[in-house]
Amino acid sequence: MADYFGKEVFKLGFGLMRLPQNADGSINIEETSAMVDKFIAAGGTYFDTAYVYGDGESEIAARKALVERYPRNSFTLATKICSWKAHDEESARQEFYTSLERTGAGYFDYYLLHALQWGNYKDYEKYRIWDFVKELKYKGLVKHFGFSFHATPELLEQMLTDHPEVDFVQLQINYADWNNPDVASRECYEIVRKHGKSIVIMEPVKGGALANPPKSVEDLLKAANPKASNASWAIRYAASLDGIITVLSGMSTIAQMEDNLSYMKDFKPLTASEQSVINQAQDALANIKTIACTACHYCTGGCPKHIPIPEIFAARNKHLREIKVSGAKRDYQSATNGVGKASDCIQCGQCEGVCPQQLKITELLTDCVKHLE
């Protein structure tokens with residue numbers, strides 16, 4: 001644990017982005033509540049949601065599974081304001097009040113400008129969102145504010161220079177992306193620390209990819225510690241960095257929650273020998289080229305052809321990791337049953353405009369057509 005902003009914070013945060021679902025696709029509140037109970041019983045306090053997660057259903061689930069069931073001073077809640085869902089200053093401001101109503105939280109402990117990147121950062125200025133969030137903090141409706149970030153080190157340096165008033169930054173950090181030039185996790189981390197800001201880590205398991213890594217990586221991890229889960233290596237790696245408030249894990253099942261708590265309840269940083277294993281895993285990953293999709297599903301909401309892009313990319317990654325195409329094709333057929341296929345893409349580009357990883361999605365879908373259809 002570490003002490004930030006005068007409050008002790010558990011090193012593991014509960015990300016409410018990928019919550020368990022019912023058969024109809026709605027969030028399973030009963031199972032989510034059970035996960036919340038286990039998390040709090042273990043000492044967890046930090047919960048993270050957003051205005052856009054599940055088209056608002058995540059914030060409602062936070063109210064039902066957390067806010068209505070626990071004293072407000074027993075947990076901290078983070079949510080985010082999203083520029084691409086606004087069309088003017090008034091609609092941007094309304095997002096905060098909608099989030100407040102959905103969650104019933106009364107105030108937010110952490111409030112973030114969501115997913116700053118080259119394609120949207122000017123909108124946060126245009127809609128005067130920076131000024132609005134500072135007003136919220138002055139009024140006590142927000143305790144600490146910052147931003148989540150998905151762009152280059154150059155833009156991050158500019159944002160922190162222009163807005164030194166932020167309390168923290170949320171960064172995508174995992175051992176696969178640490179030296180990845182497309183994500184530049186190391187450089188971004190060093191810039192934030194240079195500016196004296198604390199960090200919340202997102203995507204420590206890279207959207208689940210590091211829970212099921214390529215065989216060459218998994219063999220390294222299992223040889224070093226047969227009892228440790230693949231995810232434990234990834235989350236402990238992120239949590240071992242200096243200046244970390246908490247590491248968010250988007251847990252979807254009680255089993256995932258139990259696994260994460262088993263090594264984070266009494267967190268111990270990676271040893272030198274464990275760090276050496278991670279270095280070997282990084283070298284192995286550098287020789288495997290997969291699609292850097294984290295399954296956030298920002299791309300699917302506005303797709304006119306209802307193409308399940310993350311699931312298609314997961315099938316293609318399976319092919320790239322395992323070479324054999326038969327299983328990947330089965331996954332592809334299952335994912336596209338009754339919905340759009342990769343070949344249905346009309347290349348409108350809306351998906352690329354909201355992708356936090358800046359993937360060339362239309363080109364990648366064309367590649368998936370070639371290998372999976």
Between Ser148 and Met202, is a side chain to side chain contact (heavy atoms under 4.5 Å, CB included) present by the stated rule, with each step listed?
CA-CA 9 Å; Ser148 59; Met202 59 182 161; 4.1 Å; yes

Look only at the side chain of [X] and the backbone of [Y], and say whether a donor-acceptor pair between them is shorter than 3.5 Å.
X	Y	value
Asp123	Ser83	no
Thr336	Val339	no
Glu89	Arg128	no
Gln358	Pro356	yes
Asn120	Gln117	yes
Arg316	Leu372	no
Arg63	Arg102	yes
Tyr110	Val142	no
Ser26	Asn22	no
Thr161	Glu157	yes

With a 3.5 Å cut-off and sequence neighbours excluded, list the donor-acceptor pairs that the side chains of residues 213-220 form with protein atoms.
unit_1 : atom_1 : unit_2 : atom_2 : d
Lys215 : NZ     : Asp219 : OD2    : 2.9
Glu218 : OE2    : Asn230 : ND2    : 3.1

Between [atom1] on residue [X] and [atom2] on residue [Y], distance to nearest 0.5 Å:
X	Y	atom1	atom2	value
Leu100	Glu59	CG	CD	9.5 Å
Leu12	Ile235	CG	CD1	6.0 Å
Gln350	Thr300	CD	OG1	8.5 Å
Ile173	Glu203	CD1	CD	12.0 Å
Arg236	Tyr263	CZ	OH	9.5 Å

Between the side chains of [Y] and [X], is the shortest nitrogen-to-carboxylate-oxygen separation below 4.0 Å, so that they form an ion pair?
X	Y	answer
Lys206	Asp177	yes
Lys134	Glu165	yes
Arg69	Asp37	yes
Asp88	Lys126	no
Lys197	Asp167	no
Lys268	Asp266	yes
Glu258	Lys38	yes

Looking just at side-chain N and O atoms, do Gln275 and Asn279 make a donor-acceptor pair shorter than 3.5 Å?
yes

Would you tell me whether Thr79 and Thr49 have side-chain atoms, one donor and one acceptor, within less than 3.5 Å of each other?
no

Using 30° and 60° as the class boundaries, would you call the ring planes of [X] and [Y] parallel, tilted or perpendicular?
X	Y	answer
Phe147	Trp130	perpendicular
Trp84	Tyr298	tilted
Trp118	Tyr121	perpendicular
Phe132	Tyr97	tilted

Would you say [X] and [Y] make side-chain contact, with heavy atoms under 4.5 Å?
X	Y	result
Lys137	Lys143	no
Ile201	Leu171	no
Tyr53	Asp48	yes
Gln170	Ile199	no

Is there a path of hydrophobic side-chain contacts, each under 4.5 Å between heavy atoms of I/L/V/M/F/W/Y residues, joining Val67 to Phe108?
yes

So Tyr51 and Glu95, side chain to side chain contact (heavy atoms under 4.5 Å, CB included) or not? Walk me through it.
CA-CA 7 Å; Tyr51 178 81; Glu95 287 186 27; 3.6 Å; yes

Could Arg72 and Tyr107 be counted as a cation-pi pair, given that NZ or CZ must be under 6.0 Å from the ring centre and within 45° of the axis?
yes

Checking Tyr70 against Phe75 for the ring pair (Phe, Tyr, Trp, His ring centres under 6.0 Å) test, could you report, in this order, the C-alpha distance in whole Å, the side-chain angles of both residues, the deciding distance, and whether it holds?
CA-CA 8 Å; Tyr70 285 90; Phe75 62 86; 7.4 Å; no

Can Ser185 and Tyr175 be said to form a side chain to side chain contact (heavy atoms under 4.5 Å, CB included), step by step?
CA-CA 9 Å; Ser185 287; Tyr175 69 77; over 6 Å; no

Residue list, side chain to side chain contact (heavy atoms under 4.5 Å, CB included) with Ala228, at least two apart or on another chain
Asn225, Ser232, Trp233

More than 12 heavy atoms from other groups under 6.0 Å of NZ on Lys222:
yes

What verdict does the side chain to side chain contact (heavy atoms under 4.5 Å, CB included) test give for Leu320 and Lys289, after you've listed the backbone C-alpha separation in whole Å, the side-chain angles of each residue and the deciding distance to 0.1 Å?
CA-CA 7 Å; Leu320 290 167; Lys289 301 301 180 184; over 6 Å; no

Centroid separation under 6.0 Å, is that true for the rings of Phe39 and Phe14?
yes

